[in-house]
Student: 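Please see the structure below; I have some questions.
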Amino acid sequence: MAGFDKVVTTYEQAMAGLTDNMTVLAGGFGLCGIPEGLIAQIKKMQTKGLTVVSNNCGVDDFGLGLLLPDRQIKKIIASYVGENAEFERQMMSGELDVELTPQGTLAEKMRAGGAGIPAFFTATGYGTPVAEGKEERQFNGKNYILEEAITGEFAIVKAWKADRYGNLVYRHTARNFNPMAATAGKITVAEVEEIVEPGELDPNEIHTPGIYVNRVIKGNFEKRIEQRTVRQK
Amino acid sequence: MAGFDKVVTTYEQAMAGLTDNMTVLAGGFGLCGIPEGLIAQIKKMQTKGLTVVSNNCGVDDFGLGLLLPDRQIKKIIASYVGENAEFERQMMSGELDVELTPQGTLAEKMRAGGAGIPAFFTATGYGTPVAEGKEERQFNGKNYILEEAITGEFAIVKAWKADRYGNLVYRHTARNFNPMAATAGKITVAEVEEIVEPGELDPNEIHTPGIYVNRVIKGNFEKRIEQRTVRQK
Amino acid sequence: MALTREQLAQRVAQELKDGYYVNLGIGIPTLVANYVPEGIEVMLQSENGLLGMGAFPTEEEIDADLINAGKQTVTMSKGASLFDSAESFAMIRGGHVDLTVLGAFEVDVQGNIASYMIPGKLIKGMGGAMDLVAGADNIIVTMTHASKHGVSKLLSQCTLPLTGKGCIKKVLTDLAFIEIKAGKFHLLERAPGVSVEQIIELTEGELVVPDVVPEMSFA
Amino acid sequence: MALTREQLAQRVAQELKDGYYVNLGIGIPTLVANYVPEGIEVMLQSENGLLGMGAFPTEEEIDADLINAGKQTVTMSKGASLFDSAESFAMIRGGHVDLTVLGAFEVDVQGNIASYMIPGKLIKGMGGAMDLVAGADNIIVTMTHASKHGVSKLLSQCTLPLTGKGCIKKVLTDLAFIEIKAGKFHLLERAPGVSVEQIIELTEGELVVPDVVPEMSFA
């Protein structure tokens with residue numbers, strides 16, 4: 001790697017520096033747009049005590065769910081954690097600390113973390129368990145609560161295409177939380193379907209500028225579908 | 001207009017409903033990416049007492065500067081207001097109320113306005129005249145000030161292409177403040193270089209989804225350049 | 001007769017207007033898309049980052065990168081746009097969605113809604129529901145009027161943890177269409193063949209009943 | 001001899017490292033781009049929405065839609081990206097830019113900077129300067145050491161309205177390269193042929209002078 005070339009060729013390089021008790025932000029919505037190979041690498045590394053920030057925690061045998069059996073995750077900040085028996089077991093037994101956060105607030109917390117905004121007010125969660133312990137304030141007669149930003153030592157994201165400089169383009173709803181996670185990691189690693197040369201992506205159409213991205217690796221994705229729903233032709 | 005077809009054909013239709021003392025958010029950076037025809041229409045309508053929110057206020061004879069001679073603007077919220085003699089005269093004489101706002105804070109205030117975030121903390125302006133009268137608070141040992149969101153009765157923006165549903169694509173640095181302004185107007189009007197049919201823009205590459213846009217009009221743009229700077233071949 | 005799931009969806013669909021951007025929650029709300037009235041166009045917002053959600057795909061069209069908020073494979077309608085989750089919730093929180101339809105466990109006369117958690121039993125998370133109820137002006141809650149055991153879900157005060165406070169104004173149950181204002185339920189319509197007495201009996205919170213309560217009609 | 005504008009730019013350029021994302025302010029900072037050392041690549045961020053700013057265009061390349069923060073026509077370098085102002089300042093405020101270079105009227109021993117307003121005289125606005133000084137960890141201020149009348153601009157306390165408080169650690173003037181820490185200026189280097197005495201005389205704020213003060217070298 002020299003200059004702006006951020007491409008690495010092994011998953012060891014991609015996740016180098018990840019150690020116990022770090023905070024990892026992960027892109028993805030359900031199993032859509034998740035950095036499959038980077039998650040597998042974390043499992044392989046057996047890093048423990050992680051705080052994971054992700055909208056969901058995968059399913060029992062895929063996605064972030066893979067980090068549960070070996071108790072690699074100490075705490076998860078997520079909006080929805082259904083469809084995962086081992087997760088439920090660890091949560092109910094108190095082995096896993098779960099901080100449920102509304103989906104939009106979670107997205108905004110990561111964006112704020114990347115954008116140097118330490119905290120913002122939102123109406124979401126006012127008067128609910130989410131508001132407990134948080135400052136409440138009225139603006140123009142409406143009630144809001146103060147939510148703080150989230151950042152992490154690592155962010156792991158999945159993109160469709162990257163150029164060598166780390167400029168990223170996402171595809172369809174596989175974009176989801178990936179752009180915000182990418183901005184809020186001290187080290188951001190992008191696993192992508194295709195790597196192209198700088199200049200091949202239209203500058204107008206880049207979703208995540210390379211300034212946010214530290215490492216890029218080409219992955220092979222299973223892209224498992226959770227709810228295969230079809231109509232008759 | 002029916003359903004999602006937001007195309008109007010006259011500037012009267014485009015700015016219908018604008019009345020005295022309203023707040024108008026305008027996209028553009030200097031003279032780059034400004035809704036030239038919509039500004040001209042406001043001049044034609046002679047609407048008075050406007051609060052204008054825009055990074056700059058044009059030059060003496062172009063852009064938002066056109067609204068100054070007839071004293072249509074009561075107050076402007078901007079980050080930089082140089083290069084405009086009449087502006088300076090009105091500001092110095094107290095005829096024009098000027099609220100100088102840091103550029104990034106201004107962008108974020110508009111984004112917040114569109115996103116339902118009533119206020120956010122930022123380090124920008126801490127310890128400066130910008131902080132006067134604003135709440136200060138520390139997060140992780142660093143000082144921040146609280147800034148409130150901006151919205152307006154109207155937003156006027158300039159885009160490169162629109163489809164009939166109001167989905168917008170910007171070109172190069174003519175994007176600037178336009179996407180944020182578009183989200184924060186109660187009525188958002190987009191003046192564009194080209195109108196295409198729904199489906200012609202790649203859904204992955206739309207910068208402003210049509211949900212934010214109420215009216216679309218095709219304009220003819222002079223695109224005046226402020227600092228024409230060339231290198232020798 | 002209590003409304004069927006399909007009828008609930010049909011009745012909600014009557015509230016749609018041409019040019020509405022609509023977010024439909026999981027379950028019954030999803031069915032609303034099947035009953036968009038003739039001559040009306042709506043665009044469906046899916047909070048995972050899609051405006052202009054189309055029908056389910058054919059087997060050949062299935063694309064793992066294109067799902068809805070219920071994680072089902074979907075397609076895009078003409079003029080659709082894609083965006084990230086922060087932008088999606090900027091739309092929702094910023095009040096740009098014209099109508100939101102979602103389910104609930106309980107609502108009360110203060111417009112409070114409980115829909116995401118049953119302590120000790122169901123703790124899956126609120127997903128986008130808290131953002132949706134806090135951000136939208138126009139919300140229709142669809143739910144059964146009472147539990148199988150006849151316990152009312154329209155309460156003087158919610159018993160479960162809240163999803164949102166004071167944000168619900170309209171509730172469509174299998175028995176009635178109800179408006180919430182000034183701390184009371186107001187009966188607007190009743191399901192065909194359902195008596196006002198039945199509704200009163202199964203509504204725990206204070207219910208204002210006008211002299212005439214029209215039956216819902218399904219064209 | 002006091003440094004020329006070009007030498008100021010050259011000295012700043014020596015601080016560049018391979019792979020740096022850099023924001024260059026208007027004036028002298030802009031010239032830094034001309035002196036990027038051999039074998040090093042940097043990408044220039046322009047806060048109006050461009051990462052990867054290239055050279056000025058030829059007459060044929062001029063594009064009104066492509067300008068820099070000084071409103072000059074520019075080009076894009078290979079691998080450039082374009083974005084809106086909110087995203088641009090997310091980068092800046094979020095500390096993602098590796099080096100920021102900007103001018104000033106005054107700096108003081110507390111790392112305060114005044115650069116945008118002279119009350120009653122110059123009130124054009126701060127543009128992006130307040131965001132840049134608040135967001136960046138690594139800032140180099142370039143300025144003349146004193147006014148034409150010999151009035152120091154390196155002060156014990158700024159007299160003009162501040163652009164930022166406690167955020168400046170490095171100042172390059174036409175006479176000296178100075179670090180600010182623990183409430184004092186620290187002399188790091190002097191311009192070729194400029195004596196330590198000259199610098200002391202023109203520095204109003206407390207200046208720590210080491211035994212040996214190397215001359216700047218320009219390869």
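Order of the sequence lines sets the chain letters (A, B, ...), proteins ahead of strands, with each chain counted from 1.
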Student: Where does D:Gln45 contact chain A at under 4.5 Å (heavy atoms): side chain, backbone, both or neither?
Tutor: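 Neither part.
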Student: Does the separation of the ring centres of D:Tyr21 and A:Phe4 fall below 6.0 angstrom?
Tutor: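 Judged by ring-centre distance (under 6.0 Å), D:Tyr21 and A:Phe4 do meet the cut-off.
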Student: Relative to chain D, which segment of A:Arg111 carries a heavy atom at a distance below 4.5 Å: side chain, backbone, both, or neither?
Tutor: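 Only the side chain of A:Arg111 comes within 4.5 Å of chain D.
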Student: Can you say whether D:Met76 sits under 4.5 Å from chain A via the side chain, the backbone, both, or neither, judging by heavy atoms?
Tutor: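 It is the side chain, since no backbone atom gets that close.
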Student: If we define contacts as heavy-atom pairs under 4.5 Å, which of A:Gly210, A:Gly199, A:Pro198 has the most with chain D?
Tutor: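 Heavy-atom pairs under 4.5 Å are most numerous for A:Pro198.
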Student: Check each atom of D:Ala86 against the heavy atoms of chain A and say whether the ones under 4.5 Å are side chain, backbone, both or neither.
Tutor: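 The answer is both parts of D:Ala86.
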Student: Give the minimum heavy-atom separation between A:Gly127 and A:Ala131, together with the two atoms involved.
Tutor: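 Result for this residue pair: N-CB, 4.0 Å.
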Student: Evaluate the criterion side-chain hydrogen bond (donor to acceptor under 3.5 Å, both in side chains) for residue pair A:Glu197 and A:Tyr165; output intermediate values, then yes/no.
Tutor: CA-CA 8 Å; A:Glu197 293 304 314; A:Tyr165 288 5; over 6 Å; no
Student: At a heavy-atom distance under 4.5 Å, which candidate from D:Gly39, D:Gly135, D:Gly79, D:Gly95 has the highest pair count against chain A?
Tutor: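 If we count pairs closer than 4.5 Å to chain A, D:Gly79 comes out on top.
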Student: For the interface with chain A, which of D:Asp98, D:Leu82, D:Leu51 has the highest count of heavy-atom pairs at distances below 4.5 Å?
Tutor: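 The option with the most such pairs is D:Leu82.
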Student: How about D:Glu15 and D:Phe177: do any of their side-chain heavy atoms sit closer than 4.5 Å?
Tutor: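 Side-chain contact under 4.5 Å: yes.
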Student: Without swapping roles, check the side chain of D:Ser152 against the backbone of D:Leu155 for a donor-acceptor pair under 3.5 Å.
Tutor: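 Judged by distance alone, no pair lies under 3.5 Å.
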Student: Measure the shortest side-chain to side-chain distance between D:Met117 and D:Met126 over non-hydrogen atoms and say whether it is less than 4.5 angstrom.
Tutor: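 In short, these two side chains do not touch, never coming nearer than 4.5 Å.
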Student: If I measure from the heavy atoms of chain D, does A:Asn204 come under 4.5 Å with its side chain, its backbone, both, or neither?
Tutor: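 For A:Asn204, heavy atoms of backbone and side chain both lie under 4.5 Å from chain D.
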Student: Can you say whether A:Ile211 sits under 4.5 Å from chain D via the side chain, the backbone, both, or neither, judging by heavy atoms?
Tutor: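 Contact with chain D is through both the backbone and side chain of A:Ile211.
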Student: Under a 4.0 Å threshold between the charged nitrogen and the carboxylate oxygen, would A:Glu200 count as salt-bridged to A:Lys161?
Tutor: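 So A:Lys161 does not pair with A:Glu200 through a salt bridge.
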